[in-house]
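Remember, it's 1-based here, ligands and their atoms both numbered in the order they're listed.
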Amino acid sequence: MFKSGFIAVIGKPNVGKSTLINALIGEKVAITSPKPQTTRNKILGIKNGEDYQMIFVDTPGIHNGQSELSKYLQKSTETATAGVDAIVVLLDAGKVNQTDYSLIEKQQDVGVPVFVVVNKIDISSYEKLYPVLAKLNEFKFVKKFVTLSALKKKNLQELENSILEILPEGPAYYPVDQYTDKNLRFMVAEIVREKALLFLQEEIPHGIAVEIITYKQGRSLTSVSAEIICESDRHKQIIIGKNASMLKKIGTSARAEIEKLVNTKVMLELFVKVRPDWRENKQVLSDLGYNIKDL
Ligand SMILES: Nc1nc2c(ncn2[C@@H]2O[C@H](COP(=O)(O)OP(=O)(O)OP(=O)(O)O)[C@@H](O)[C@H]2O)c(=O)[nH]1
Ligand SMILES: [Mg+2]
């Protein structure tokens with residue numbers, strides 16, 4: 001019997017949703033960063049077993065911003081649980097609060113098995129964890145509670161086994177050699193954004209987007225030019241840095257990773273462009289792939 005199904009992974013920003021999906025798939029499907037609001041799209045991570053296909057849906061962390069971009073992110077998360085076969089609500093062991101409890105409670109209405117997974121146990125003590133687990137146990141409808149570390153790949157098997165148990169019989173929805181629904185162009189833009197998130201500080205990360213301008217893949221060389229879009233001249237200066245040092249740092253780090261992904265040498269040209277209102281402009285958002293109508 002072949003089993004297959006969709007599993008949405010939801011939770012507050014920064015709890016480790018993308019890290020968990022990457023760890024389960026064993027490939028980098030989604031970018032991760034210490035800054036909240038890293039993921040902006042619903043991204044599928046496909047885990048292919050001999051007799052199953054688990055399709056994990058990565059989602060933007062829940063938050064209540066007011067910008068058009070925020071509305072897009074909120075809608076992505078809301079629609080992510082429609083039609084899935086199971087839901088994983090992910091919590092950060094050290095930061096569980098009322099928002100998490102409300103989110104768990106809400107999933108009861110969806111009517112599919114819900115798993116509550118407490119992540120980052122590598123940096124949490126049992127004394128701290130115990131009251132959290134006691135409180136979580138009050139949610140009787142939850143199918144299973146799992147504690148794990150996505151980063152250290154600890155106890156992933158227990159989650160996998162539990163999901164496999166409830167996975168319905170079904171076909172492989174995607175070719176079995178495919179591990180994501182996104183194309184290389186999308187992933188290249190995301191890698192550039194990840195490096196920018198990593199190296200830039202304070203308010204800038206939330207205010208940037210990356211757009212691929214040209215993408216030419218040859219046999220031994222892939223040429224990419226991309227624009228980092230930001231919201232002000234001051235941000236532009238910081239992103240470029242003194243003698244273009246910051247842009248070089250982002251570019252060098254991104255290029256090394258893109259080379260591994262596309263398996264050729266990579267020429268990466270980065271430009272920085274100011275678009276003060278990009279997070280509010282529906283047309284620009286749509287051009288960047290954040291179109292609320294697609295959700
Ligand atoms: N110590 C520790 N850190 C972790 C673990 N899992 C994730 N992290 C870190 O937590 C941060 C956030 O991880 P992400 O996977 O980007 O979190 P996310 O939930 O996808 O965040 P958004 O996309 O912003 O909603 C990163 O710095 C990860 O390295 C874990 O098990 N242990
Ligand atoms: Mg994420």
Side-chain angles (χ1 to χ4, degrees), residues 7-45 56-65 67 69-70 72-81 87-97 99-100 103-104 115-126 128-129 132 145-160 180-182 186-187 189-210 253 257 279 289-290:
I7 307 105
V9 180
I10 62 173
K12 289 187 305 196
N14 217 38
V15 296
K17 299 176 293 299
S18 302
T19 306
L20 175 64
I21 291 179
N22 291 343
L24 289 165
I25 308 296
E27 296 280 355
K28 182 155 164 181
V29 175
I31 62 166
T32 66
S33 93
K35 318 265 184 339
Q37 294 173 39
T38 299
T39 304
R40 286 187 179 156
N41 304 76
K42 264 193 279 191
I43 299 172
L44 301 187
F56 292 94
V57 188
D58 193 9
T59 61
I62 49 152
H63 73 292
N64 344 305
S67 67
L69 176 66
S70 289
Y72 173 85
L73 301 181
Q74 285 152 23
K75 186 89 190 284
S76 309
T77 306
E78 280 164 31
T79 57
T81 53
I87 295 171
V88 169
V89 183
L90 193 64
L91 319 179
D92 177 334
K95 295 189 177 151
V96 181
N97 64 13
T99 311
D100 298 288
L103 187 64
I104 297 170
F115 298 93
V116 172
V117 177
V118 182
N119 187 27
K120 307 197 188 183
I121 54 161
D122 55 303
I123 49 169
S124 180
S125 67
Y126 189 71
K128 266 198 181 165
L129 214 53
V132 172
F145 299 96
V146 180
T147 56
L148 53 76
S149 167
L151 191 67
K152 305 279 182 211
K153 299 192 166 70
K154 252 173 72 184
N155 212 24
L156 297 175
Q157 197 62 48
E158 190 186 350
L159 177 61
E160 264 179 59
T180 179
D181 64 325
K182 296 287 182 276
F186 173 87
M187 290 168 84
E190 287 286 88
I191 290 169
V192 174
R193 197 165 63 82
E194 180 183 67
K195 304 312 171 198
L197 285 176
L198 187 65
F199 297 127
L200 296 167
Q201 299 304 324
E202 290 153 30
E203 80 280 22
I204 301 179
H206 298 317
I208 60 164
V210 174
S253 175
E257 196 168 319
R279 279 196 274 185
Y290 308 128

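Those atoms of ligand 1 that come under 4.0 Å of a heavy atom in Pro36, given as number and element, are 24 (O). Annotation for ligand 1: atoms under 4.0 Å from non-hydrogen atoms of Gln37 are 24 (O). Atoms of ligand 1 lying under 4.0 Å from at least one heavy atom of Gly61, given by number and element, are 25 (O).
Looking at Ala150 next to ligand 1, an N or O pair under 3.5 Å apart turns up. Checked by distance only, ligand 1 and Lys17 come closer than 3.5 Å through their nitrogen or oxygen atoms. In terms of polar-atom proximity, defined here as any N/O pair under 3.5 Å, Thr32 makes no such contact with ligand 1. Annotation: Ile123 places no N or O atom under 3.5 Å from an N or O atom of ligand 1; distance criterion only. Any N or O atom pair closer than 3.5 Å counts here, and Thr59 shares no such pair with ligand 1. Annotation: Gly16 places an N or O atom under 3.5 Å from an N or O atom of ligand 1; distance criterion only.
The shortest heavy-atom distance from Gly11 to ligand 1 is not under 4.0 Å.
Distances from atom 27 (O) of ligand 1 to the heavy atoms of Pro60, Pro34, Ser18 put Pro34 nearest.
Shown here are the ring pair (Phe, Tyr, Trp, His ring centres under 6.0 Å) partners of Phe56, two or more places apart in sequence or in another chain: there are none.
With a cut-off of 2.8 Å, the protein N/O/S atoms near the Mg ion (ligand 2) add up to 2.
Under 4.0 Å is where a charged nitrogen must lie from a carboxylate oxygen, and between Lys28 and Glu257 at least one such pair does.
Screening Asn119, Thr19, Asp122 against Ser149 for a side-chain hydrogen bond (donor to acceptor under 3.5 Å, both in side chains) leaves a single residue, Asp122.
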